[in-house]
Amino acid sequence: MIALIRYTFATVVHTQRYLAPLLLFMGLMGVLTVNGSGPLPPAYASSAGALFVCSTWLTVALMSLDDTTQRAIVVVTSGGRSLKVLLAAVGTALLSCLVLMVFGLLFPLWLGSYDVTVADLVLGVEAQLTCALVGIAIGVLCSRLVFKRQGYALVAALALVMGALFAKGMPPVNRLFTLMSTTPDAAELLAPTSGMLLISALILAVFMTVTQFVAARRE
């Protein structure tokens with residue numbers, strides 16, 4: 001598994017497919033969180049939203065690194081288990097998002113003037129991890145393993161991202177943003193945010209199961 005993650009990460013670095021989602025994340029962070037002030041939850045909601053979009057794009061790029069022939073070779077060299085290859089791609093995406101999470105936590109504090117508490121930082125971690133997991137889930141489902149044509153995958157990914165962002169009251173993403181934008185006290189948000197995090201983990205597990213089922217039938 002470690003070797004597969006190293007292979008996936010090295011391929012991403014070599015092909016530079018991380019640049020577009022990374023630049024998008026930096027741009028959104030600069031627009032949404034620079035020179036802010038007051039309570040931190042709304043700022044962390046913005047950084048979580050930026051990570052949500054970035055993680056979706058990054059995961060789609062990760063899942064599309066290998067064509068059908070190359071993927072078959074990777075599966076064979078990994079012991080013939082396609083699930084292991086899928087887990088390696090998801091693990092690489094998650095590790096990349098963890099790096100971006102650190103930036104998302106510290107950037108608003110660096111260029112803004114906020115009232116910072118421990119509860120704020122914990123809330124920021126939960127919010128960004130929630131959005132990262134949902135973004136990775138959408139990226140896995142809208143990958144080449146499920147959609148043979150990239151156009152269909154793009155439409156599906158955009159529909160799911162827009163639905164998660166703007167469907168009123170829809171957990172976990174829209175519901176999370178609504179809570180964080182209307183409740184300035186981070187301590188009050190820790191419990192419901194933990195619930196959103198569990199939902200996001202469940203969504204990732206379901207989407208990975210569906211993707212693996214479709215990929216296994218095709219292989």
Let me see the working for Leu109 and Val116 under side-chain contact (heavy atoms from CB on, under 4.5 Å), right down to the final yes or no. CA-CA 8 Å; Leu109 305 181; Val116 186; 3.5 Å; yes
With a 4.5 Å heavy-atom cut-off, do Leu100 and Cys54 have their side chains touching?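 Yes, their side chains come closer than 4.5 Å.
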Is there a side-chain contact between Leu179 and Thr193 in this structure, where contact means two heavy atoms from C-beta onward sitting under 4.5 Å apart?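 Result no, sub-4.5 Å side-chain heavy-atom pair not found.
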Please list all pairs meeting ring pair (Phe, Tyr, Trp, His ring centres under 6.0 Å) that have one or both residues in residues 83-105, counting only residues at least two apart or in different chains.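 Every pair satisfying ring pair (Phe, Tyr, Trp, His ring centres under 6.0 Å) with a residue in residues 83-105: Phe103-Phe107.
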Are Thr59 and Ser143 close enough, and set up right, to give a side-chain contact (heavy atoms from CB on, under 4.5 Å), and what steps lead you there? CA-CA 8 Å; Thr59 305; Ser143 65; over 6 Å; no
Given the rule that I, L, V, M, F, W and Y join up when any side-chain heavy atoms are under 4.5 Å apart, are [X] and [Y] in one cluster?
| X | Y | result |
| --- | --- | --- |
| Val206 | Leu141 | yes |
| Leu154 | Val134 | no |
| Leu158 | Val53 | no |
| Val155 | Trp57 | no |
| Leu95 | Leu197 | yes |

Full working for side-chain contact (heavy atoms from CB on, under 4.5 Å) between Met208 and Leu87: CA-CA 9 Å; Met208 286 180 60; Leu87 290 174; 3.2 Å; yes
Whether Asn174 side chain and Leu165 backbone form a donor-acceptor pair below 3.5 Å: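 Yes, the answer is positive, given that a donor and an acceptor are paired below the 3.5 Å cut-off.
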Check whether Tyr44 reaches the backbone of Leu123 with its side chain - one donor and one acceptor, N or O, closer than 3.5 Å.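 Looks like no, no N/O pair under 3.5 Å.
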Provide the closest heavy-atom pair for [X] versus [Y] in the form atom of the first, atom of the second, distance.
| X | Y | answer |
| --- | --- | --- |
| Ser55 | Cys97 | CB-SG, 3.5 Å |
| Met180 | Pro41 | CE-O, 3.2 Å |
| Phe207 | Ile138 | CD2-N, 4.0 Å |
| Pro171 | Met196 | CB-SD, 3.8 Å |
| Ala43 | Pro108 | CB-CB, 4.5 Å |
| Met63 | Gly139 | CG-O, 4.3 Å |

Between [atom1] on residue [X] and [atom2] on residue [Y], distance to nearest 0.5 Å:
| X | Y | atom1 | atom2 | value |
| --- | --- | --- | --- | --- |
| Thr92 | Leu58 | OG1 | CG | 9.5 Å |
| Ile136 | Leu204 | CD1 | CG | 6.5 Å |
| Gln128 | Leu105 | CD | CG | 4.5 Å |
| Thr130 | Ile199 | OG1 | CD1 | 9.0 Å |

Test applied, side chain to side chain contact (heavy atoms under 4.5 Å, CB included); reference residue, Ser200; option that passes from Val173, Leu129, Leu176, Leu133: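 One option only clears the test, and that one is Leu133.
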Among Leu62, Leu86, Val60, which residue meets the side chain to side chain contact (heavy atoms under 4.5 Å, CB included) test with Val140?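 Considering Leu62, Leu86, Val60, a side chain to side chain contact (heavy atoms under 4.5 Å, CB included) with Val140 is found only for Leu86.
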Partner residues of Tyr152 under the side-chain contact (heavy atoms from CB on, under 4.5 Å) criterion, sequence neighbours left out: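 side-chain contact (heavy atoms from CB on, under 4.5 Å) list for Tyr152, sorted by chain: Phe147, Arg149.
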Begin from the C-alpha positions of Gln150 and Arg144 and carry the test side-chain contact (heavy atoms from CB on, under 4.5 Å) through to its verdict. CA-CA 7 Å; Gln150 292 187 344; Arg144 185 180 294 171; 3.6 Å; yes
